[in-house]
Structures are given as structure tokens and as C-alpha cells.
Amino acid sequence: MKLPHNDQSSEHKPDLETHIPDIIEHLQRLFTDAPDLVIRKLSIMQTGEAAVLAYLDGLTDKNSINKDVLYPLQFIGGGGEPGSELYVTVGHIVPYTTWSHIIEALLNGDSVLFVEGRSECYALDTKGWPQRAIEDPQLEPSLKGAHQGFLETGSQNIALIRRYIPNRELKIKQLAVGKRGPASVSILYLEDVTNKEFLKRLEDRIKGINVDVIINTGELVEFIEDNPYSLFPQLISTERPDAAASQILQGRCAVVVDRSPSVLVGPVNFMAFFQSIDDYSTRWSIATFLRMLRIAAFFIAAFLPALYIAVVSYHFEIIPMKLLITLGESRGRVPLPPFVEAVLMEITLEILREAGVRLPAPVGQTVGIVGGIVIGQAVVQAGLISNVMVVVVAFTGISSFILPNYDMVAAVRLIRFILMILASLFGFVGIIIGLIVMIEQIIALRSLGMPYGIPLAPMRFADLKDTFIRAPLWLMNKRPISTSPLQNRRQGKSRFQEEEEEKKE
Amino acid sequence: MKKVYSGHEITSLQYIFLLSGIQVGVAVLSLPRKLAETAGTDGWISIIIGWLISTAASLIIVQIMKNSPNGSLPDWAAGVMGMWAGKAVAFLLALYFCFLLFDGLTKTVMITKIWLLPNTPSYIIMILLLVPTYMIARHGPRIVGRYCELIVYICLWIPIIYLIPLKHSHFLHLLPPLKEGWQPVLTGVKEIIYPSLGMVATFVLYPFLKHKEKAGAAVVASNTLTMASYLFITLICFVYYSPDEITEYNNPVISILKSIEFRFIERIEVPFIAFYLTVFSLVWIPAMYLTTFCSSWLFGRTDSRGHLRVLCIATAIATYFYTPTYRQNWVIEQILTAFGLGIEYIFPVLLLAFIAVHNRMRRS
């Protein structure tokens with residue numbers, strides 16, 4: 001793969017040797033202790049020249065090298081003069097004259113053909129590293145949407161997105177990040193829709209990264225996020241090509257990082273974390289209901305334990321008498337103060353969740369049994385934790401599971417603990433202060449310079465069609481104005497006119 | 001100074017809600033009682049008269065600011081009458097906003113202490129309130145505007161709850177109108193002054209406005225919004241409580257919630273007061289910003305964050321040593337009302353007259 005960014009090498013003058021023994025020696029000097037480097041000497045039948053093919057075993061496709069490079073070169077005659085064009089049945093061939101380019105090509109899975117007496121060599125695209133098959137996305141499964149998730153290969157991921165937007169306005173800006181192992185980072189956007197301001201900001205920030213290697217999209221996010229100290233995620237990473245494509249169509253940019261199965265989308269707003277691609281493939285009424293449910297779940301997951309603590313330790317007068325008696329019965333046996341009780345249970349929940357993630361699937365079931373039965377039942381019977389607390393914890397747990405974005409769930413988990421501390425110190429007042437600070441975060445944060453709270457603060461009434469509710473698709477003829485797209489209109493009148501009922505006698 | 005204003009534009013809606021927020025805030029809680037004390041059940045007429053007056057005052061303020069589209073009032077004063085006049089105006093405004101801020105904060109602390117946290121020391125509550133105040137005010141008018149807008153939307157459901165007590169209401173209390181003539185109604189108007197304070201924020205906010213040509217309509221809208229909420233809440237209190245009973249409640253707006261009962265929650269006013277903290281914050285958060293804007297102007301600084309920090313710390317320390325009692329709070333309110341009457345009603349009229357004379361003299 002050719003990477004445009006390679007500052008040191010672009011200034012280099014051609015330094016490739018012309019004699020095969022020199023080249024081999026140079027190669028061996030460069031790749032000491034690299035037993036996976038294969039150097040194959042051969043003579044080309046077409047021109048009669050001596051040549052050497054070098055590649056890294058494992059990064060290349062053996063089949064392709066045998067059939068498309070070695071076979072035509074060695075067994076198909078052509079009668080060409082030495083120095084004339086070579087016939088190889090490989091698609092992408094790049095001539096190089098500098099060693100730095102050659103090294104890069106080798107390390108990226110190309111095989112390089114050196115020919116005796118020529119001042120250039122040829123990088124042949126024979127990439128074929130170990131790769132898994134396309135699978136259902138793990139973190140964002142969908143019921144009715146596509147069942148293809150992104151892979152670890154950038155070019156494949158771009159292809160997956162292109163399948164949804166076969167349009168030549170879909171442009172790709174390719175950058176390289178990392179000095180030691182440059183990863184190609186591609187920004188995908190629609191030339192005639194996406195606002196150039198966001199694109200430029202994204203590009204500048206990515207260009208400013210100066211690190212060894214980017215292993216994952218998550219690392220990239222930390223370098224380009226607007227406010228890394230905030231608890232809220234300011235960019236969405238998705239592993240669904242259809243979600244990425246739909247975001248690009250709304251005027252956003254997608255960032256594909258090679259070697260990482262998740263794709264970044266930006267700029268995004270707070271409410272985007274409550275939208276799922278399934279919303280658009282189900283009927284609008286149920287999609288609207290689910291959105292409301294998610295928003296409610298967000299608040300339950302963040303506030304419920306805090307409310308429990310506040311009510312039990314400060315404001316028990318608001319509980320009606322009958323309920324207070326039941327609550328008192330179950331609370332009376334518990335030796336712990338409400339805050340400790342709640343924190344213990346919430347931490348238990350977090351441990352269970354983390355254990356469930358780390359354990360292999362067959363063992364994972366035991367976690368459910370141990371957690372559900374042993375902790376849930378026994379702890380109440382032993383009088384360590386009150387019944388109500390278990391209900392509260394279960395509610396918050398379930399509520400946080402229905403949020404579609406993992407990063408937002410993670411944020412909610414932390415916010416919950418902060419609110420619990422505030423509630424244990426100041427009751428309702430603490431919770432309200434926490435709420436105000438949360439609102440401050442949402443209205444003051446930015447995502448690639450776009451206000452994070454849009455379309456709520458600043459209010460954009462037109463965008464509310466796709467925020468709390470999901471209006472029928474044929475009513476949303478404009479792209480969201482929050483991304484300030486260059487081309488506002490997304491679709492024309494698409495719904496057929498209802499036919500009048502024929503009169504029947 | 002022009003740089004300060006660009007990039008911080010606020011929309012007309014944000015401006016409306018900012019002004020209304022400063023006006024409504026804490027003052028609404030005791031308004032029905034005060035009106036009942038002076039004007040009886042005809043107090044609602046006073047609100048309408050007060051609305052006319054404060055709308056007129058707001059329009060005068062906007063008229064003044066039309067002379068200075070690119071700068072706040074201190075900027076304009078400095079340009080027309082010299083640096084020291086600017087500093088005097090900035091000082092006056094800073095002092096006034098500081099008063100407004102302090103009044104809002106101490107009242108909130110007092111209400112919080114009475115209803116929610118009786119055992120927590122006042123200064124702790126004050127520090128608690130100052131944290132979000134600082135966090136929001138440091139971002140400047142745009143974020144403050146967004147905050148006000150969002151809070152107003154979040155609070156839109158509150159009026160619906162206040163309709164519940166109406167099933168026990170007696171509309172006969174309102175009849176006959178003007179039972180004691182116009183005299184009590186007109187004296188009641190002075191009770192409207194305190195809850196209408198805050199229009200003067202236009203002196204600072206005007207240059208931030210995105211659509212300055214709509215400023216006049218916006219102040220009318222914000223005053224109308226304030227008036228509508230006062231009228232709504234006062235009428236409900238008047239028809240729910242008997243004319244004699246209402247004066248016994250300190251904050252009838254909160255006490256009326258006691259009549260609402262659900263099976264699953266008792267004493268609904270407790271969570272309500274907690275939630276009202278967001279409404280009260282509409283007074284002190286903008287006031288905090290306005291104070292530091294004026295004080296920074298006074299010292300010729302464009303970044304108000306330094307002053308913001310100092311003001312927050314000073315307020316917290318001050319509360320540690322001195323917390324106004326209920327009685328002192330009343331005195332502060334009286335001083336603020338007098339101060340506000342001067343700066344929001346009389347000062348603009350004088351200023352407008354001065355501008356008229358000034359312009360005529362310059363032309364001739």
C-alpha cells in the first residue's frame with residue numbers, strides 16, 4: 001500500500017543498486033534477524049534477465065506469488081529485449097528507486113521484484129495477511145440491518161462503505177499516522193455535502209499526531225478528541241458499515257483506521273448516541289418509542305441509585321407510609337449505610353459485567369448463575385443488602401444495557417458513581433448540582449468544533465425530527481442542519497399520492 | 001474591545017430566556033403573598049400594570065443601546081463622555097449585578113437550608129452552588145444563553161403540575177374585581193419591581209445579540225413571558241388560598257404543592273424545590289457572568305475568568321463568615337429594590353433624555 005506521508009523518504013535520491021548480489025547483500029543487512037524474509041532468485045524467461053523476488057512470508061499471498069508472479073516470469077516466453085516491460089498477472093505494480101520505499105512496500109505485504117541491471121524495482125501487490133471472515137458486528141448487533149461488520153483491513157472497510165455509497169462524490173483522504181509503523185488513516189466524506197470546516201479540522205488534528213504506532217481507533221480518538229477530560233465521548237466509533245454510510249450521507253466524516261475494526265464518525269452530537277441504525281429499518285412508530293425508551297434508560301442508569309441514596313438517607317418523608325414500612329422492614333436488617341450498600345452493589349455489578357466480558361463464552365454462563373442467584377438471592381437472605389437495593393441495581397444494570405453505544409454506557413457508569421457520591425453528601429441538592437454540571441458539559445462540549453448539545457442547545461427545531469422521535473423518512477427531506485452540510489436537500493417528494501378509493505356500488 | 005463580542009453571539013430566543021430567567025428566578029416564590037398583602041386578590045391587575053411599566057423601561061434600554069451596536073454601555077459611555085464615565089458606569093453595573101447575584105444566591109441557600117438540608121452549613125451549600133455557576137459562567141454569554149434556553153425547555157412541564165390544585169379552587173375569591181378601588185392595585189405595583197429586575201442585562205448583552213433589529217421585540221417577548229408566568233402562578237395561588245390565608249404562607253408557590261398528593265409520593269414539594277434550583281440558577285449564573293464582565297471591563301481586561309474565580313472564592317468565604325438571616329435577607333431585598341428602581345427605571349430615562357439632548361446639540 002502506498003502511503004503518501006513519508007517525510008524522510010520523499011527527499012531521498014534514488015539509491016537502489018543495479019547488481020543483484022549487491023541488492024541481496026543490502027536486503028540482508030536491512031533485515032537482520034528476520035527469518036520471514038524470503039529472497040528468491042530466478043531468471044526471467046521473457047527477457048532472459050536475472051532477477052530476485054523478495055517478500056515477507058505471512059504478509060503475502062503464497063498462491064498469488066506462485067501463480068501470478070513466479071509462473072509467468074519463469075515459464076512464459078515473450079522474446080522481449082532485456083529492459084523491456086515484464087508480464088506479470090498482478091494488478092497493482094509500482095516501480096521504486098529508493099530503499100525507504102522498498103522497505104515500506106515489503107513491510108506492508110508487497111513482494112518486490114529486482115531485475116539485474118535495472119535502476120528500478122517493482123513492488124507487486126500480493127498482499128495476503130491472515131484475516132478473519134466478515135462477521136456480524138459484536139458490539140452493535142442489529143435485528144433488521146445488515147449483518148456485516150468491519151474487519152481489520154482498512155481497504156476492505158472502505159470497500160464495505162463504498163458498497164453503500166457507490167458515488168464518485170465519496171472522496172477519501174488518505175493520511176499516515178505513526179512513525180514506526182505508519183497506519184493508513186482514511187477520511188471518507190461526500191465532496192458536495194460535508195462541510196469543509198469539519199474535514200479540515202479532522203485532517204489537521206490527525207496530521208498533528210506524532211506517535212510510534214496507532215494500534216486501534218480508540219488511540220486515535222484520544223489524540224483528536226476536543227476535550228479528552230470530559231466523561232462524554234465526543235466521537236462515535238462504529239463497527240457497522242451501514243451506520244457509517246448513513247452518517248456520511250448526513251454530512252459527517254468517517255475515519256477508517258487500517259488494522260482496526262471500528263470506524264470513527266464525527267462530528268457527532270449528544271443525541272446521536274441514542275440513535276441506532278435499526279431505527280431506520282423498523283417502522284417509525286416503534287423506532288420513536290425505542291428512542292424515548294433509550295433516553296429514559298440513560299437517566300435511570302445514571303440517576304436511579306443516586307435517587308435511592310438521596311431518598312433513603314435524606315428525604316424519606318417523601319415516601320408514602322405503606323411503602324416506608326416495607327422499605328423499613330428490608331432496610332432495618334441491613335447494617336450498612338445506604339451509600340455503602342449502593343456502592344457495594346454497584347461495584348459488584350461492574351465486576352460481574354467485566355467478568356462476563358473477559359471470560360470465554362462457555363464459562364461466561366457461570367458468571368450469570370453465580371451473580372444472579374448467589375449474589376442476588378443470598379445477599380438479601382443473609383440480611384447484608386436490602387431487597388430494594390437489589391431491585392435498584394438490577395434496574396440500572398438493565399437500563400444501561402439498552403443504550404446502543406458502548407462509549408456512552410461507559411460514561412454513564414462513571415457518572416452514576418459521581419452522582420451517588422453527591423447524593424450521599426447532599427441528597428437531592430447534590431443530584432441537581434450533578435445534573436447542572438452534566439448539562440454544562442453537554443452544552444459546552446464540542447465535537448470537531450460543532451456544538452455537542454445541538455439540536456437541543458443551541459436549539460435547532462428542524463433537527464428535532466430525528467432526535468427524540470424518528471419521523472417518517474419521507475418527511476425528512478433535508479439533511480440535519482447541525483452538521484451544516486453544503487447541500488441541504490437530501491431527497492425530494494418520495495411518497496406516492498394516496499389513491500382515492502374507487503366508488504363501488 | 002470589539003473582539004470580545006464576536007464569536008459569542010446569542011440568538012433572540014436565548015436573549016429572551018436569559019432576561020426572563022433573571023427576572024423570574026427566586027422572586028416568584030413569594031410574589032403572590034406580597035401582592036395579596038398590599039393589593040388583596042386584585043393583585044393580578046398590578047402584575048399587568050407592572051408589565052406595562054417594565055416593558056416600557058426595557059424598550060427605553062433597547063433604545064439607548066441602539067446608539068451603541070458594537071459595544072456595551074460602558075463602551076459607549078467611555079466613547080461619548082470619556083474613560084472615567086465608562087468606568088463609573090461599569091462600576092455601577094458591576095455593583096448592581098453583584099447585588100442581584102448575592103441576593104439570588106443567599107435566597108437560594110436559605111430556601112435549600114429550610115426545605116432540604118437543614119443540618120448542612122450555609123457556606124457548604126454556597127460552595128456547592130458556586131461549582132456549576134463557575135463552570136457555566138466561564139464559557140461566556142453564548143453558553144450561558146444556551147443554558148437558560150435549555151433549562152426553560154426542561155421546565156416547561158412545571159405549569160401542568162400547578163393546574164392540579166385547581167380542582168380545589170374557588171374562583172369567587174377573585175370577584176368582584178377592584179373591590180377596593182384602584183388604590184391598593186397601584187400600591188401593589190411596587191411589589192412587581194423586585195421580580196422584574198434584570199432587564200438592565202441588555203446594557204451588556206446587546207452587543208452580543210445576533211439579530212439586533214429584533215431586540216425590541218425580544219424584550220417585549222421576555223417581559224410578556226415573565227408576566228405570563230407571574231400571572232399564572234399568582235392567579236392559581238389566589239383562587240386556591242382564601243384571601244386571608246395566603247398571607248400566612250411565606251412562599252405560597254411552594255406551599256401550594258402540598259395539596260398535591262400521589263399514591264407513590266408524599267410531600268411532592270421536596271423534589272420540586274430541588275428541581276427549582278435549576279430555575280433559581282437562571283438568576284445567579286447570568287448575574288455571575290454579567291458581574292465579572294463589568295468588573296473586568298473596569299480593569300480593562302477582556303478575559304473575565306480571573307475575576308470569575310476571585311468572585312466565586314470571595315462569595316464562598318463571605319458566606320463562611322456571614323450568612324444573612326431571614327430578616328437581613330428582607331433588608332437586602334429592600335435595598336436591591338430601591339437600587340433596581342434607580343438603575344432599571346430612572347437611570348435609563350435620564351440616559352435617554354441625555355442622549356436626545358446630546359444628539360440635538362451635536363446636530364446643531
Side-chain angles (χ1 to χ4, degrees), chain A residues 227 229-230 269-271 295 299 303 306-307 310-311 313-324 326-327 418-419 421-446 449 451-461 464 467-468, chain B residues 9-11 13-14 17 108-109 111-113 115-120 124-125 127-140 142-154 210 261-282 285:
Chain A
N227 181 359
Y229 295 110
S230 173
N269 49 14
F270 178 67
M271 294 312 292
I295 293 159
F299 283 102
F303 284 90
L307 278 174
V311 169
S313 42
Y314 285 89
H315 310 290
F316 40 81
E317 70 268 22
I318 71 164
I319 310 171
M321 206 54 206
K322 277 182 195 160
L323 187 62
L324 194 63
T326 2
L327 192 68
I418 296 171
L419 285 172
I421 295 170
L422 279 171
S424 74
L425 293 174
F426 305 107
F428 280 161
V429 183
I431 294 178
I432 291 292
I433 297 297
L435 177 74
I436 296 181
V437 172
M438 208 165 95
I439 290 176
E440 184 267 346
Q441 286 283 296
I442 291 171
I443 59 180
L445 273 181
R446 290 171 164 272
Y452 190 57
I454 216 166
L456 299 177
M459 186 54 97
R460 299 280 179 271
F461 289 102
L464 290 182
T467 303
F468 293 113
Chain B
E9 293 90 358
I10 53 176
T11 63
L13 261 181
Q14 286 169 353
F17 293 140
T108 313
V109 169
I111 290 165
T112 315
K113 208 166 150 58
W115 293 87
L116 297 170
L117 295 171
N119 299 324
T120 313
I124 297 271
I125 301 176
I127 291 170
L128 202 60
L129 298 180
L130 284 172
V131 170
T133 311
Y134 170 74
M135 288 184 76
I136 293 174
R138 71 186 161 148
H139 293 295
R142 192 181 240 182
I143 300 295
V144 174
R146 277 185 204 165
Y147 175 77
C148 293
E149 192 183 8
L150 196 62
I151 293 294
V152 169
Y153 293 135
I154 290 175
K210 204 191 247 170
E261 272 175 20
F262 294 114
R263 282 185 72 101
F264 54 92
I265 190 165
E266 272 174 22
R267 307 239 0 229
I268 193 176
E269 74 273 14
V270 174
F272 257 79
I273 294 163
F275 190 76
Y276 277 170
L277 288 183
T278 57
V279 182
F280 302 157
S281 73
L282 297 185
I285 292 177

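First the proteins, then the strands, lettered A, B, ... as listed; each starts at 1.
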Q) With distance as the sole test, does B/Arg146 use its side chain to make a donor-acceptor pair with the main-chain N or O of A/Ile443 at under 3.5 Å? A) yes
Q: Let me know if B/Leu117 has heavy atoms under 4.5 Å from chain A in its side chain, its backbone, both or neither.
A: side chain
Q: State, to 0.1 Å, how close A/Ile436 and B/Pro132 come at their nearest heavy-atom pair, and which atoms those are.
A: CG2-CB, 3.6 Å
Q. Which atoms form the tightest heavy-atom contact between A/Phe428 and B/Ala274, and what is the distance?
A. CB-CB, 3.5 Å
Q. Tell me, do A/Phe461 and B/Leu13 make a side-chain contact under 4.5 Å, heavy atoms counted?
A. yes
**Q.** Straight-line distance of B/Thr120 OG1 to A/Tyr314 OH, nearest 0.5 Å
**A.** 6.0 Å
Q) When rounded to the nearest 0.5 angstrom, what distance separates CG in B/Leu129 from CD1 in A/Ile433? A) 5.0 Å
Q) Checking heavy atoms, do the side chain of B/Leu116, its backbone, both or neither come under 4.5 Å from chain A? A) both
**Q.** chain A contact via B/Glu269 - side chain, backbone, both or neither, heavy atoms under 4.5 Å
**A.** neither
Q.
Is it the case that atom CZ in A/Phe316 sees more than 12 heavy atoms from other parts of the structure closer than 6.0 Å?
A. no
Q: Determine whether A/Pro458 and B/Gln14 make a side-chain contact, defined as any pair of heavy atoms from C-beta on separated by less than 4.5 Å.
A: yes
Q) What are the two closest non-hydrogen atoms of B/Phe275 and A/Ile432, and how far apart are they? A) CA-CD1, 3.9 Å
Q. What distance do A/Met459 atom CE and B/Glu149 atom CD have between them, rounded to the nearest 0.5 Å?
A. 6.0 Å
Q.
Pair B/His139, A/Glu440 - check side chain to side chain contact (heavy atoms under 4.5 Å, CB included), show working.
A. CA-CA 10 Å; B/His139 293 295; A/Glu440 184 267 346; 2.7 Å; yes
Q | B/Ile273 portion near chain A, given a 4.5 angstrom heavy-atom threshold | A | neither
Q) What part of B/Ile154 is in contact with chain A, defined as an atom under 4.5 angstrom from a non-hydrogen atom: side chain, backbone, both or neither? A) side chain
Q) What option among B/Val270, B/Leu150, B/Ile125 has the most heavy-atom pairs under 4.5 Å with chain A? A) B/Val270
Q.
Among B/Ile10, B/Ile136, B/Leu128, which residue has the highest count of heavy-atom pairs closer than 4.5 Å to chain A?
A. B/Leu128
Q.
With a 4.5 angstrom heavy-atom cut-off, is it the side chain or the backbone of B/Ile124 that approaches chain A, or both, or neither?
A. side chain
Q | Nearest-0.5 Å distance that lies between atom CE in A/Met321 and atom CD in B/Glu266 | A | 8.0 Å
Q) Non-hydrogen atoms of chain A under 4.5 Å away: do they reach the side chain of B/Phe262, the backbone, both or neither? A) neither
